[in-house]
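Encoded as structure tokens, the structure appears first; notes follow it.
Note: hydrogens, waters and symmetry copies are ignored here, and every other heavy atom, side chains too, is used.
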Amino acid sequence: MIRLKLNEAISEYKQYLVIEKNVSQNTVQSYIRDLKRFNDFFDDKNIDVKDISENDIHHYLSDLYDHLKKSSIQRHMVSLRRFYLFLQKEGKINDNIMNQFEMIKSGKYLPTVLSKNEITSFLNSIEVKDAISSRNRCMVELLYSSGLRVSELVTLTLNDIHILQKLIRCIGKGDKERIIPMNDTVCYYLNNYVEVYREELLTNQTNLLFLTRKGKSISRNNFYNILNHMIYQSPITKHVSPHTLRHTFATHLLENDADLRSIQEMLGHSDISTTTIYTHISNEKIVNEYMNKHPRSKKKQEKRKDK
């Protein structure tokens with residue numbers, strides 16, 4: 001099978017839509033705009049369509065969930081599905097990996113969330129022994145403890161972290177600035193990374209906090225691959241994306257009775273209804289609350305007898 005770069009495949013698809021399918025100009029522009037975003041997601045601009053994996057699609061969709069409304073994500077999914085049908089029809093790919101992904105249902109999207117034991121197990125599996133492992137531990141500790149988006153994480157600078165004050169400054173959507181507290185654990189790993197290891201990654205002067213082995217900035221796709229590798233080496237069996245850690249951050253705060261408005265501020269949501277979607281309470285929490293609080297529950301009655 002002849003190899004075909006993703007950007008070339010998108011160009012061929014555009015010609016197919018215009019010439020063979022006679023699709024309207026507005027529809028063509030909408031499909032191609034979505035697919036260009038898909039192409040821009042990959043660090044390798046020469047990536048072959050056959051080299052795109054199911055895991056790549058998972059990461060791409062996670063990125064969409066972190067930045068777009070549900071209606072926009074649905075449109076992107078339609079664009080990808082039709083593009084992959086074209087690739088399969090034209091013999092550009094053997095298997096249509098988009099068949100593994102269902103369209104978003106009309107209900108609210110609730111991504112995977114890690115339990116407290118799972119997130120602890122995952123974090124503890126990252127042993128700090130060199131510059132790369134120190135950097136990696138810092139990045140995931142920050143995502144879980146602050147709820148940062150991955151795009152916010154990879155653009156942090158040294159000026160954005162204030163370890164003594166235990167605060168982090170980030171610029172979110174719409175260039176909105178927010179200040180988020182940091183816990184002692186994050187501050188410990190950050191201080192260790194900055195003071196001991198970061199200089200090993202420097203090749204040129206830069207203020208960026210997190211760097212690749214070659215001293216370059218870390219892209220979103222870089223981080224997805226780093227996270228995927230860490231999860232693979234950990235005891236966790238769930239599919240985990242940066243969005244999973246952001247959602248876990250918010251859910252665990254809510255389960256520990258944090259104020260919803262405070263969570264909204266830390267996540268950088270302009271609308272609190274968005275925060276409500278991200279921070280569903282686990283079934284275990286609901287069951288325990290019911291069994292402990294409802295006057296007719298067996299557990300409640302047993303407590304009364306003990307008194």
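At a threshold of 4.5 Å between non-hydrogen side-chain atoms, the residues E141 and C138 do not count as touching. Contact check for L211 versus R135: no side-chain heavy atoms found under the 4.5 Å cut-off. Side-chain contact check for L190 versus M182: some heavy-atom pair is nearer than 4.5 Å. A 4.5 Å side-chain heavy-atom check between V113 and T244 finds every atom pair outside the cut-off. V150 places none of its side-chain heavy atoms less than 4.5 Å from the side chain of L227.
We find the OH-OG distance between Y60 and S241 to be 14.5 Å, quoted to the nearest 0.5 Å. Note: L35 CG to L6 CG = 8.0 Å, rounded to the nearest 0.5 Å. Here the CD-OG distance, from E152 to S146, works out to 8.5 Å after rounding to the nearest 0.5 Å. Note: R37 CZ to S72 OG = 9.0 Å, rounded to the nearest 0.5 Å. In this structure, CD1 in I73 is found 6.0 Å from CG in L64, a value given to the nearest 0.5 Å.
Residues passing the ring-ring contact (aromatic ring centres under 6.0 Å, His included) test with H239 are H58, sequence neighbours excluded. Residues passing the side-chain contact (heavy atoms from CB on, under 4.5 Å) test with S53 are N55, D56, sequence neighbours excluded. With sequence neighbours excluded, the residues forming a salt bridge (Lys or Arg N to Asp or Glu O under 4.0 Å) with K166 are D184, listed by chain and number. With sequence neighbours left out, the ring-ring contact (aromatic ring centres under 6.0 Å, His included) criterion links Y193 to F210. Residues meeting the ring-ring contact (aromatic ring centres under 6.0 Å, His included) test with Y224, sequence neighbours left out: F41, H59. Residues satisfying the ring-ring contact (aromatic ring centres under 6.0 Å, His included) test with H76, not counting sequence neighbours, are none. Residues passing the side-chain contact (heavy atoms from CB on, under 4.5 Å) test with V196, sequence neighbours excluded: N192.
Neither L85 nor I52 shares a network with the other; the hydrophobic side chains, linked directly or stepwise wherever heavy atoms of I, L, V, M, F, W or Y lie under 4.5 Å apart, form separate groups for each. Cluster annotation: V23 is connected to V18 through the hydrophobic network of ILVMFWY side chains, with a link wherever side-chain heavy atoms come within less than 4.5 Å. Following chains of ILVMFWY side-chain contacts shorter than 4.5 Å, one can reach L142 starting from Y188, so the two form part of one hydrophobic cluster.
Among the candidates L158, T155, V154, L153, the single residue satisfying the side chain to side chain contact (heavy atoms under 4.5 Å, CB included) test with L209 is L158.
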Apply the test side-chain contact (heavy atoms from CB on, under 4.5 Å) to residues H229 and N225: give CA-CA distance (whole Å), side-chain angles for both, the deciding distance (0.1 Å), then the verdict.
CA-CA 6 Å; H229 181 68; N225 292 329; over 6 Å; no
With salt bridge (charged side-chain N to carboxylate O under 4.0 Å, His left out) as the test, would you mind laying out the steps for R75 and D34 before giving the verdict?
CA-CA 8 Å; R75 193 196 69 236; D34 292 346; 2.7 Å; yes
What do the steps show when you test K238 against I231 for side-chain contact (heavy atoms from CB on, under 4.5 Å), and what is the final call?
CA-CA 9 Å; K238 292 179 179 177; I231 289 293; over 6 Å; no
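We find that R169 and E177 are joined by a salt bridge, their nearest charged nitrogen and carboxylate oxygen being less than 4.0 Å apart.
Of the possible donor and acceptor atoms, none in the side chain of E255 sits under 3.5 Å from a partner among the backbone N and O of H252. A distance-only check finds no donor-acceptor pair linking the side chain of S30 to the backbone of T27 [under 3.5 Å]. Under a 3.5 Å cut-off, the side chain of D95 and the backbone N or O of I97 do not form any donor-acceptor pair. Counting only distance, with no hydrogens or angles, the side chain of H243 and the backbone of V240 share no donor-acceptor pair below 3.5 Å.
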Can you give me every donor-acceptor pair (side chain of residues 120-133, partner residue at least two apart or in another chain, under 3.5 Å) with its distance?
from, atom 1, to, atom 2, distance (Å)
T120, OG1, K116, O, 2.8
N124, ND2, T120, O, 3.3
S125, OG, F122, O, 2.5
D130, OD1, I132, N, 3.3
D130, OD1, S133, N, 2.8
D130, OD1, S133, OG, 2.8
S133, OG, E127, O, 3.4
S133, OG, K129, N, 2.8
S133, OG, D130, N, 3.0
S133, OG, D130, O, 3.1

For a quick test of your reading: what N or O donor-acceptor pairs under 3.5 Å do the side chains of residues 10-17 make, sequence neighbours left out?
from, atom 1, to, atom 2, distance (Å)
S11, OG, N7, O, 3.2
E12, OE1, K92, NZ, 3.3

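Among residue pairs with one or both ends in residues 82-91, those qualifying as side chain to side chain donor-acceptor pair (under 3.5 Å) are Y31-R82; sequence neighbours excluded. Each side chain to side chain donor-acceptor pair (under 3.5 Å) pair with one or both residues in residues 194-223, not counting sequence neighbours, appears once here: D43-S219, D43-N222, D63-R220, S219-N222.
Hydrophobic cluster of I179: the remaining members, joined at side-chain heavy-atom separations below 4.5 Å, are L167, listed by chain and number.
In terms of heavy-atom proximity, L4 sits nearest to D48 at N-OD2, 2.6 Å.
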